[in-house]
Amino acid sequence: MMKIERILYASHRYHTNQVPIMKGWYEKGVKVKFLAQYQGISEVHDYVEYHQLSPSLLTIVYNWIADKIYDPSIAEGKKSVFFLPSFFDTFKQIHEFKPQLVILRSRSICNAIICLACKLIGIKYIINYTQTELFTSVKRTKHLGSIAKIIFPEVGYTPVLYRGDYREKDIIPQEWFHPHYFIPLVGEISQTPPKNFFKNNVINLLDVGKYRPYKNHYFLIDALSEVKHKKRFRLTIIGQLSQDAERTYYNNLKKYIADKGLSDIVSVNANVPFREMDAIYESADVLVLPSKLETAGMVILEAMAKGLCVMSSNNCGLACYLEESNCGFVFNLQDTNQLVEQLNRISEDRDIILKYAEEARKVVRNNYSFENYYERLKFLMSDFFQENIYTE
């Protein structure tokens, strides 16, 4: 058996979806170091020893070129994909921390360097964390060479069961790079008194997402414009506003809302700090997430934990949590009909909102706590590595 005392996580950034997990390790007395490529706008670094990796000279030059030739939103993705860290800095951080277990977010150029450093140091347990769905009917066309198989971890896990139109649990791809274990993300149950629903005697909808096309805010506006009783709703949209492309999207969205005649019931907000989100959730009744593609969509689990009724497109990974426990609504994006029908339904019967909100909190408590995460990770370690781990 191995007592876990130090864990290293590495990802492109310290996303807020990792905070409850890191808090769980902290409360178990486990030290966590987190290596990241860059820092987000509303990011906090609670419960971890945080380190932003130093870029290599090649990366510095590439980033400069990317900023010159690409739109900022495109450049951000390019720089993340092709980020090559300083090997000296990477090796030094890992060697000094001496982790027993390393968990890497996806197979990337950056993580290849981290894997090499770990292997040189002699770290035995390295796991890949991805948000690729576990069950899918799609045959992967990705091929990784023999060198990649030597560098990257053999084992991976995902918090997503299925996503998109495929909603079954009977096909597991056999490619070595595909995740073969399910470990859920973690939601933190709010300890505040029971919510006061329907502030100002309306159904308060919340939509959280960056002001970018894939977040699909326009789809929700279209749906809201088609409901029978618009005045029974208020919608608050919250998103990131840090680039010119996002500002253009933001301004166009506000104009679109005005053209639809919805300015009196829709408010559009930007750059709300992470620590203020509790108050936002407290004033909302229903989260609606209409994203075209969300590998996970942590806001779904956060809203469930805060006691909201949740509506999500089937293209969001964590929508599977709603379906698995029948504690929310899932709609397709072929047209707005299904979402409009769901909005009309809750406007006619508000008790549905209360029922799903209460059920969602129970589901998070029973299925998506840190203990659930920890037990699943222990099973992976035992099943794949034949190593039993404990923390106390």
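Keep in mind the model is a prediction, meaning the values are calculated, not measured. Computed over heavy atoms, backbone and side chain alike; hydrogens, waters and symmetry mates excluded.
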Quiz item: Does the pair Lys355/Glu359 count as a salt bridge with the N-to-O cut at 4.0 Å?
Solution: no

Quiz item: Does a salt bridge link Asp89 with Lys92, judged by any charged N lying under 4.0 Å from a carboxylate O?
Solution: no

Practice problem: Following the transitive rule for hydrophobic clusters with a side-chain heavy-atom cut-off under 4.5 Å over Ile, Leu, Val, Met, Phe, Trp and Tyr, establish whether Met2 and Tyr9 coincide in one cluster. | Solution: yes

Exercise. Report yes if the distance between the aromatic ring centroids of Phe379 and Tyr157 is under 6.0 Å, otherwise no.
Key: no

Quiz item: Does the ring of Tyr129 carry Arg105 above it, NZ/CZ under 6.0 angstrom from centre and within 45° of its axis?
Solution: yes

Quiz item: In terms of side-chain geometry, is the basic nitrogen of Lys260 or Asp222 positioned less than 4.0 Å from the acidic oxygen of its partner?
Solution: yes

Exercise. Kindly indicate whether a cation-pi arrangement holds for Arg350 with Phe197, taking the cut-offs as under 6.0 Å to the six-membered ring centre and within 45° of the axis.
Key: no

Quiz item: Got a salt bridge between Glu246 and Lys210, using NZ or NE/NH1/NH2 to carboxylate O under 4.0 Å?
Solution: no

Quiz item: Would you call Asp46-Lys23 a salt bridge at under 4.0 Å N-O?
Solution: no

Self-check item: Criterion side-chain hydrogen bond (donor to acceptor under 3.5 Å, both in side chains) against Arg163, the qualifying member of Glu133, Glu294, Gln131
Solution: Glu133

Quiz item: Going hydrophobic residue to hydrophobic residue with side-chain gaps under 4.5 angstrom, can you get from Phe88 over to Val61?
Solution: no

Exercise. Apply side-chain hydrogen bond (donor to acceptor under 3.5 Å, both in side chains) to the pair Ser106 and Ser108, showing each step before the final yes or no.
Key: CA-CA 6 Å; Ser106 299; Ser108 64; over 6 Å; no

